[in-house]
**Q** 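Shown below is the structure under consideration.
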Amino acid sequence: ETGRIHSSFNQTIAATGRLSSTTPNFQNIPIRTEKGREIRKAFKAQKEGWKILSADYSQIELRLLAEVANIEPLIEAFKNNIDIHTLTASQVFMVNTDNVTSEMRRNAKTINFGIIYGQSAFGLAKQLNISRTEAKEYIELYFKQYPGIKSYMENTQEFARKNGYVETIYGRRCYIPSINDKNPMIRAGAERQAINAPLQGAAADIIKRSMKNFPEILIKEKIDAKLILQVHDELIFECASIDLDRLIPIVKSKMINAPKPGFNMKVPLEL
């Protein structure tokens, strides 16, 4: 009827509150392989003279970690637009930011994102192709530089053990039923989930808050565009080429200011 493939978007599948996409899953189109890149070439705006606009939050979960754990060095870095992975590399490897190599930055990036997901020394060692001892030292140095992050992780896990859930910045609950499981493997997975769920859950809350603005504002501003897809921290629009320059600042403003009213973040959001 429409000449298009239509996905189903589910509100209640992902434990963190993220939208999920099924039949087909548009949130998991591969990009790192040659075949994946070929598949992506099949996606285009439906109308002649229209463009696809992608707007993606930059490092939103790291920003939320700095926010909820109240990590002043990270908050200041985000406020001053300092490269967060270079900063972490300089802190962990104890060198000036000018002396951070691309390999150090790459490793720091892996550590930064690994911490969000509660990664163990074993997992980090595997990802960086280093010994478990080295990985353990990296994690210990990281927590030494950012003790507030370790406190956040321990307090969040303890809250989950007592209550069976964790909360996003808006108070929405993410239930962690396996947090007190007798099986250590299952329990460890639940502990990692407890650390990440408030961050990924808050990111899901924020992008949904931004999404609900667009139907009304596109009509009000008479912009010929549609919000057609959400891929976790990214929104995809189709827009008439003539309206693209008007759409971009509106999308940026609505996404960046989505946490307000209700939660005024110290850490600025960026796209």
**Q** Nearest 0.5 Å, what's the OG-CD1 distance between Ser58 and Ile60?
**A**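 Answer rounded to 0.5 Å: 9.5 Å.
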
**Q** With side chains defined as the heavy atoms from C-beta onward, is the minimum distance between Thr101 and Phe93 less than 4.5 Å?
**A**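 With C-beta onward as the side chain, the pair stays apart.
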
**Q** Would you please name every residue forming a ring-ring contact (aromatic ring centres under 6.0 Å, His included) with Tyr57, sequence neighbours left out?
**A** none

**Q** Ion pair present between Glu140 and Lys136, side-chain N to carboxylate O less than 4.0 angstrom?
**A** yes

**Q** Once you round to the nearest 0.5 Å, how far does OH of Tyr146 lie from CG of Asn112?
**A** 7.0 Å

**Q** Do Leu64 and Met265 come close enough that some side-chain heavy atom pair is under 4.5 Å?
**A** yes

**Q** Nearest 0.5 Å please: distance from the CD1 atom of Ile206 over to the CZ atom of Arg63.
**A**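 Here the interatomic distance stands at 11.0 Å.
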
**Q** Heavy-atom distance under 4.5 Å between the side chains of Ile5 and Pro24, does that happen here?
**A** yes

**Q** For Lys208, does the NZ atom have more than 12 heavy-atom neighbours from other residues, nucleotides or ligands under 6.0 Å away?
**A** yes

**Q** Do Gln119 and Gln127 have side-chain atoms, one donor and one acceptor, less than 3.5 Å apart?
**A**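 Yes.
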
**Q** Do the charged groups of Arg18 and Glu234 touch, with an N to O distance under 4.0 Å?
**A** no

**Q** So which heavy atom on Ile149 is nearest to which on Ala69, and how close?
**A**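 Shortest heavy-atom separation between Ile149 and Ala69 comes out as CA-CB, 4.5 Å.
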
**Q** Does CD1 belonging to Ile82 count more than 12 external heavy atoms closer than 6.0 Å?
**A** yes

**Q** With side-chain hydrogen bond (donor to acceptor under 3.5 Å, both in side chains) as the rule and sequence neighbours excluded, what pairs involving residues 19-33 come up?
**A** Ser7-Ser21, Asn10-Ser20, Asn10-Thr22, Gln27-Gln230

**Q** Any side-chain donor-acceptor pair under 3.5 Å between Gln200 and Thr16?
**A**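 The answer is yes; a qualifying pair exists.
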
**Q** Under 4.0 Å between a side-chain nitrogen and a carboxylate oxygen: does that hold for Arg106 and Glu103?
**A** no

**Q** Determine the minimum heavy-atom distance between Ile195 and Ile115, stating which atoms define it.
**A** CG2-O, 4.0 Å

**Q** Any carboxylate oxygen within less than 4.0 angstrom of a Lys/Arg side-chain nitrogen, looking at Lys41 and Glu38?
**A** yes

**Q** Counting neighbours of CZ on Arg37 that are heavy atoms of other residues, nucleotides or ligands and sit closer than 6.0 Å, is the number greater than 12?
**A**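 Correct, the count exceeds 12.
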
**Q** In chain order, what residues pass the ring-ring contact (aromatic ring centres under 6.0 Å, His included) check against Tyr170, with sequence neighbours excluded?
**A** none

**Q** Would you confirm whether Ser253, through its side chain, and Ile250, through its main-chain N or O, come within 3.5 Å as a donor-acceptor pair?
**A** no

**Q** If I take atom CD1 from residue Ile139 and atom OG from residue Ser120, how far apart are they, to the nearest 0.5 angstrom?
**A**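 Atom-to-atom, Ile139:CD1 and Ser120:OG are 6.5 Å apart.
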
**Q** Run Ser178 and Asp181 through side chain to side chain donor-acceptor pair (under 3.5 Å) and show every step you take.
**A** CA-CA 5 Å; Ser178 307; Asp181 199 281; 4.9 Å; no

**Q** Can you tell me if Phe122 has over 12 outside heavy atoms packed within less than 6.0 Å of its CZ?
**A** no

**Q** Does any non-hydrogen side-chain atom of Ile217 lie less than 4.5 Å from one of Lys254?
**A** yes

**Q** State, with a plain yes or no, whether a side-chain heavy atom of Leu235 is found less than 4.5 Å away from one of Met211.
**A** yes

**Q** Using distance alone, with no hydrogens and no angle criterion, decide if Lys162 and Gln157 have a side-chain donor and acceptor under 3.5 Å apart.
**A** no

**Q** Just verifying a value: how many Å separate Thr88 OG1 and Met104 CE, rounded to the nearest 0.5 Å?
**A**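 Separation between the atoms: 13.5 Å.
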
**Q** Nearest 0.5 Å, please: how far is CD1 in Ile179 from CD in Glu191?
**A**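 If we round to the nearest 0.5 Å, Glu191:CD and Ile179:CD1 are 5.0 Å apart.
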
**Q** Any heavy-atom pair between the side chains of Pro198 and Val166 that's under 4.5 Å?
**A** yes

**Q** Is any side-chain heavy atom of Gln59 less than 4.5 Å from a side-chain heavy atom of Phe78?
**A**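 Counting from C-beta outward, Gln59 and Phe78 do come under 4.5 Å.
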
**Q** Just checking Asn81: does its CG atom have more than 12 heavy atoms from other residues, nucleotides or ligands closer to it than 6.0 angstrom?
**A** no

**Q** Is it the case that the ring center of His6 lies less than 6.0 angstrom away from the ring center of Phe26?
**A** no

**Q** Charged N to carboxylate O under 4.0 angstrom, Arg105 versus Asp83?
**A** yes

**Q** Parallel, tilted or perpendicular: which describes the rings of His85 and Phe113, with under 30° parallel and over 60° perpendicular?
**A** tilted

**Q** Between Leu199 and Leu19, is there a shared hydrophobic cluster once you connect ILVMFWY residues whose side-chain heavy atoms come closer than 4.5 Å?
**A**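 In one cluster: yes.
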
**Q** Is there a side-chain contact between Leu271 and Asp56 in this structure, where contact means two heavy atoms from C-beta onward sitting under 4.5 Å apart?
**A**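 Leu271 vs Asp56: side chains apart.
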
**Q** Between the side chains of Asn70 and Tyr152, is a donor N or O closer than 3.5 angstrom to an acceptor N or O?
**A**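 No - no donor-acceptor pair under 3.5 Å links their side chains.
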
**Q** Using only atom types and a distance under 3.5 Å, with no angle test, would you say the side chain of Asn163 pairs donor to acceptor with the backbone of Phe159?
**A**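 The answer is yes, because a donor-acceptor pair under 3.5 Å joins these two groups.
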
**Q** If you compare all heavy atoms of Leu87 against all heavy atoms of Ala77, which two are closest, and at what distance to 0.1 Å?
**A**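 In terms of heavy atoms, the two residues are closest at CD2-CB, 3.6 Å.
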
**Q** Within 45 degrees of the ring normal and closer than 6.0 Å to the centroid, is that where the cationic atom of Arg173 sits relative to Tyr165?
**A**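 Verdict for Tyr165: a cation-pi partner in Arg173.
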
